[in-house]
Amino acid sequence: MAQVKNKQIVLKNYVNGFPKESDMLIVTSDTINLNLPEGSNAVLVKNLYLSCDPYIRGRMSKTKGSYIDSFTPGSPIEGLGVAKVLESGHSNFKKGDLVWGGTRWEEYSVLNAPETLFKIEQTDVPLSYYTGILGMPGMTAYAGFYEVCSPKKGEYVFVSAASGAVGQLVGQFAKLLGCYVVGSAGTKEKVDLLKNKFGYDEAFNYKEEQDLDAALKRYFPDGIDIYFENVGGKMLDAVLPNMRLNSRISVCGMISQYNQEQGDGVRNLFHIITKSVLMKGFIVTHFYHMYPKYMEMVMPLIKQGKICYIEDIAEGLESAPTALVGLFSGRNVGKQVVVVARE
Ligand code: NAP
């Protein structure tokens, strides 16, 4: 049996507060058989692209800080990625197939639940897109905007973390529908991208605003119909009094809260009653049955150049800890991808 060294990124210890590069270790001692045992139902894959996603932080806490179980220190980080099948014991897959879905931060993985993987059928787009626009973040933007918000042409839409993996798509979907769209982001470079690349009508740097309520009133003098919530905390509190009658808040994420022991208080909840605001959280996996419908919508938009997608590419598995940590200081510009191998 062919045995090779398998470089891995392993969680060193449970994390408190902001994650650091030193919370993860690069390990090269482990070896892996490049053949599956007889009768195995698993698939053996070579990992190509890994996805850095904010939810991974929750799995680094000892107490279940996420809706998915915590990682085990000493084990490789688990996450989503794009991979090539080297050998398959599962009837859905064969050698040479490209897949996206749950894998681990290592060069080669034996995946024991291959039914959760999606086979990649269309390869005339960058493969890394299956970590972003054609993968989980794309489905998140689609479900969180169209399914949760029931948007209508002409509505006033606000998106926070607006240049990220999810936000950049929400803004573009809203513009394609004919909405007025404003985004917030944490640097001038990102604000420029929002306005000049993604077509947002307006954008502002939330870090430079002394008064978020005043900033929102500047861009939404008549209020907000749809808030796509990615950050939580102070931003949510500022948004609530600016919501219009019968408006909707799609609660996608609250990244400003993920590294805090105790979450920020939100004082303006009363506006949910007076404005009849519908505020709804969601988890993207509950919408995965809609993936084929989403692909039918988004593929032509990509190919006709009606939608664009910005990625932040980190080269090499060794770069994964820095790339992940960077999500929480806004170092990434667009979808954070790690290249392990290019086929
Ligand atoms: P991302 O935007 O690509 O990266 C995270 C961004 O969040 C950073 O670049 C940074 O941008 C911003 N950020 C970090 N700390 C912040 C803080 N304290 N306050 C304000 N902004 C902060 O990430 P993503 O993958 O698109 O995810 C966006 C949100 O969606 C996250 O909350 C994530 O957990 C959530 N999500 C939810 C689901 C679901 O199923 N519900 C699925 C996927 C993602 P700035 O430079 O703009 O600050």
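Just so you know, ligand 1 is whichever comes first in the structure, and atom 1 is the first atom listed for that ligand. Just so you know, residue 1 is the first one in the sequence shown, and it goes up from there. What's counted below: heavy atoms across the whole structure, side chains too, no hydrogens, waters or symmetry copies.
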Should you measure from each heavy atom of Ile283, which atoms of ligand 1 turn up under 4.0 Å away?
40 (O)
Who pairs with Lys207 by salt bridge (Lys or Arg N to Asp or Glu O under 4.0 Å), at least two apart in sequence or on another chain?
none
Within a 6.0 Å radius of atom NZ on Lys303, are there more than 12 heavy atoms belonging to other residues, nucleotides or ligands?
yes
Numbering as shown, the atoms of ligand 1 that approach Val231 to under 4.0 Å (heavy-atom distance):
20 (C), 21 (N)
Atoms in ligand 1 flagged as close to Ala185, the criterion being non-hydrogen separation under 4.0 Å:
47 (O)
Which heavy atom of the protein is the closest neighbour of atom 16 (C) of ligand 1, given with residue, atom name and distance?
Ile255 CG2, 3.7 Å
Check this for me: Tyr156, atom OH, are more than 12 non-hydrogen atoms of other residues, nucleotides or ligands nearer than 6.0 Å?
no
protein heavy-atom neighbour closest to atom 32 (O) of ligand 1 works out as Asn230 O, 2.9 Å
Are the side chain of Lys275 and the backbone of Met243 linked by a donor-acceptor contact shorter than 3.5 Å?
yes
Checking one residue: Phe270. Which other hydrophobic residues are in its cluster under the side-chain 4.5 Å linking rule?
Ile273
Indicate yes or no: at least one non-hydrogen side-chain atom of Asp312 is less than 4.5 angstrom from one of Arg331.
no
Least distance between heavy atoms, Cys252 atom then Thr140 atom
SG-CG2, 3.4 Å
Could an N or O of ligand 1 be found under 3.5 Å from any N or O of Ser329, whether backbone or side chain?
no
Of all protein heavy atoms, the one nearest atom 4 (O) of ligand 1 is Asn332 ND2, 3.3 Å
Taking the ring of Phe287 and the ring of Tyr142, is the distance between their centroids below 6.0 Å?
no
Checking heavy atoms under 4.0 Å, the part of Phe328 that sits near ligand 1 is backbone
Would you say Tyr258 has any N or O atom under 3.5 Å from an N or O of ligand 1, going by distance alone?
yes
Heavy-atom contacts with Ser256 under 4.0 Å: which atoms of ligand 1 show up? List them by number with element.
17 (C), 18 (N), 19 (N)
Tell me the contacting part of Ala165 for ligand 1: side chain, backbone, both, or neither, using a 4.0 Å heavy-atom threshold, strictly below.
both
Count the heavy atoms belonging to other residues, nucleotides or ligands that lie under 6.0 Å from CD of Glu189, then report whether that count exceeds 12.
no
Quick one: which ligand 1 atoms are inside 4.0 Å of a heavy atom on Gly253?
32 (O), 35 (C)
among protein heavy atoms, the one nearest atom 10 (C) of ligand 1 is Gly330 CA, 3.5 Å
Counting non-hydrogen protein atoms only, what is the nearest one to atom 14 (C) of ligand 1? Give residue, atom name and distance.
Leu327 O, 3.3 Å
Between Trp105 and Phe71, does the ring centre distance come in under 6.0 Å?
no
So, for Phe118 and Tyr288, is the gap between ring centers shorter than 6.0 Å?
yes
Could you check, using the six-membered ring where one of them is a Trp, whether Phe145 and Phe228 have ring centers closer than 6.0 angstrom?
no
Find all atoms of ligand 1 within a distance of less than 4.0 Å from any non-hydrogen atom belonging to Lys190, and give their numbers and elements.
9 (O), 11 (O), 45 (P), 46 (O)
Would you mind checking which non-hydrogen protein atom is closest to atom 42 (C) of ligand 1, with the distance to 0.1 Å?
Thr140 OG1, 3.3 Å
Heavy atom of Met136, distance to ligand 1 below 4.0 Å
yes
Classify the contact between Lys335 and ligand 1 as side chain, backbone, both or neither, using a heavy-atom distance cut-off of under 4.0 Å.
neither
Under 4.0 Å, counting heavy atoms only: does Met254 come that close to any atom of ligand 1?
yes
For a quick test of reading the model, state the closest non-hydrogen atom pair linking Leu117 to Leu111 and the distance between them.
CD1-CD1, 4.0 Å
Enumerated ligand 1 atoms positioned under 4.0 Å from heavy atoms of Gly186:
45 (P), 46 (O), 47 (O), 48 (O)
For the side chain of Tyr200 and the backbone of Asp192, is there at least one donor-acceptor N/O pair under 3.5 Å apart?
no
Val284 heavy atoms, cut-off 4.0 Å: which ligand 1 atoms fall inside?
39 (C), 40 (O)
Closest protein heavy atom (residue, atom, distance) for atom 36 (N) of ligand 1
Cys252 SG, 3.6 Å
For atom 48 (O) of ligand 1, the closest protein heavy atom turns out to be Tyr206 OH, 2.5 Å
Are any of the N or O atoms of Val166 closer than 3.5 Å to those of ligand 1?
yes
Co-membership, hydrophobic cluster, residues Val99 and Tyr294, 4.5 Å side-chain
no
Checking the N or O distance criterion of under 3.5 Å, is ligand 1 in contact with Phe282?
yes
